[in-house]
2 protein chains.
Amino acid sequence: MQLDRYDRHILRLLQDDGRLSNQELADRIGLSPSPCLRRVRALEEAGVIAGYRAMLDAKALGLSLMALIHISMDQHTPERFEGFEAAVRAIPEILECLLITGQSADYQLKAVVRDMDAYQELLLDRVTRIPGVTGVHSSFVLRRVVDKTALPVPGD
Amino acid sequence: MQLDRYDRHILRLLQDDGRLSNQELADRIGLSPSPCLRRVRALEEAGVIAGYRAMLDAKALGLSLMALIHISMDQHTPERFEGFEAAVRAIPEILECLLITGQSADYQLKAVVRDMDAYQELLLDRVTRIPGVTGVHSSFVLRRVVDKTALPVPGD
DNA sequence: CGAGTTTTGGAATATCCTGCCAATATAATT
DNA sequence: AATTATATTGGCAGGATATTCCAAAACTCG
C-alpha cells in the first residue's frame, strides 16, 4: 500500500492519540471529515493500523517490577518451540516474547509483576517448569528511559 | 486509587480496544453510559489510563527488522547517563530504552528499521557515536511470539 | 435504624459519525 | 494541448454518540 502525505500525517497523529475524533483529525491534516475518515478506514482495512489500545500505567496498577528473562532451550526442534510458545502465551504477566539471535539465549521474555515475591513465583513455578527450558537469566529493569509504541513513519 | 470490579472490567476492555464507544463499553460492563463515562474519565485523571494509541503494523510500513542492542557505558556517572538518554530519545527508530541490571550491559535498546543497511547506519553513525558508549552487542529478533501492551489487571 | 455520602440512571443538548452525490482535482491518451 | 477517464474531495443530512445535569437509588457509618 502506497502512503501519501495525508496518510502519513494521519498515522503520526493517531499513534500519538488513538482517540482523536475524526473532525479533529481532519482539521489537523487539512482535509474535510469525509475523506479523512475514508483514509482511516482504508488504513485499517489494509492492516497498516492494526488496532487501538488504551495504555495503562503499570505503577498505578501496583505492577512495579519489570524484568527481562533470557531463556535457553535444550533442543531446537519445532515441537519444543511450539510447546514453549503456547505456554508463554498463556501467562498474562509476560508482555513480550521474542525469538532472538546473537545471544546465548533463544528467547527473551518481558514480564511485569507486583514485586520480587511475585517474580519468584512466576519464574520458579511457571517459567522454569515449561518443558525444554534449561537456562534462565534474569535482568531487572531499573528505569524505562524510552517506552514508545509509535513506529517511525517512513517518508518525512 | 482503589479499583472495583467495574473499573477493572473497563480497563480490560479498553486495553483490548481503545476505541470502544462509551455506549458499547457501558453495555459490556453492565452500567448505563453516564456512570461508565465518569469512571473512564476518573481513570484517565488518576493516570491509570495513560493514553490511547493506534498500533501500526511494522511490516506494513516496511520496517521488517527489529533488533535489541545492549549498550555498555564507560563510566556510570549521572552526566554520562543523561547525555546518553537524551541522545537515545532523539532517535525515532529506538522504541525502547531500558536501564537494566543483571547483564554485562547497562542499557538495552529496541530498534526497528527497514533492513540491514538501515540498521548498520543506525548503529555505526548514531548509536556508537553517543559519548560514553564503549560496548555494543546486537541481537536480532527472528519472530515476535508475544507482543502485548495489555497489562494484567490485578484482582481477577 | 436513620442521616450523610456516594453512585447511579435517564433526559436533554451538543457534538460527532457516516454514507451519498455533485464538484473538483489528477492522470492518461491521443 | 485538449479531452476523456479515474480518483479524490467537500458538503449535506440523518442517525448515532458524547456529555452534562438532576433526581432517585444504593451504600456507609454512627
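Every chain is numbered from 1 and lettered A, B, ... according to where its sequence line falls, protein lines coming before strand lines.
Around atom CD of B:Gln75, more than 12 heavy atoms belonging to other residues, nucleotides or ligands sit under 6.0 Å away. Atom CZ of A:Arg89 has more than 12 neighbouring heavy atoms from other residues, nucleotides or ligands inside a 6.0 Å radius.
Taking atom CZ on A:Arg5 and atom C1' on D:dT9, their separation rounds to 15 Å, with Å as the unit. The distance between atom CD of B:Gln23 and atom P of C:dA11, rounded to the nearest whole Å, is 14 Å. For the pair B:Leu20 CG and D:dA16 P, the interatomic distance rounds to 18 Å; values are reported in whole Å. Regarding A:Glu24, its CD atom lies at a distance of 15 Å from the C1' atom of D:dA18, rounded to whole Å. Put simply, CG on A:Leu31 is 18 Å from P on D:dA7, counting in whole angstrom units.
Comparing A:Pro33 and A:Arg19 by the nucleotide of DNA chain D whose heavy atom lies nearest to each, the residue mapping closer to the 5' end is A:Pro33.
A centroid separation of less than 6.0 Å is found between the aromatic rings of A:Phe84 and A:Tyr107.
Taking only side-chain atoms of A:Ser34, from C-beta outward, the nucleotide of D:dC12, C:dG9, C:dC17 with the closest atom is D:dC12. Side chain of A:Asn22, nearest nucleotide from C:dC17, D:dA18, C:dT8: C:dC17. Distance from the side chain of A:Ser21 is smallest to C:dC16 among C:dC16, D:dT17, C:dG9.
Listed for the B:Thr101 side chain is no donor-acceptor partner under 3.5 Å among the backbone atoms of A:Phe140. With hydrogens and angles ignored, the 3.5 Å screen pairs no side-chain donor or acceptor of B:Asp57 with any backbone N or O of A:Val48.
At a non-hydrogen distance threshold of 4.0 Å, B:Leu37, B:Arg41 from residues 36-46 of chain B come into contact with DNA chain D.
Aromatic ring pairs are classed by plane angle as parallel below 30°, tilted from 30° to 60° and perpendicular above 60°; the pair B:His137 and B:His70 is tilted.
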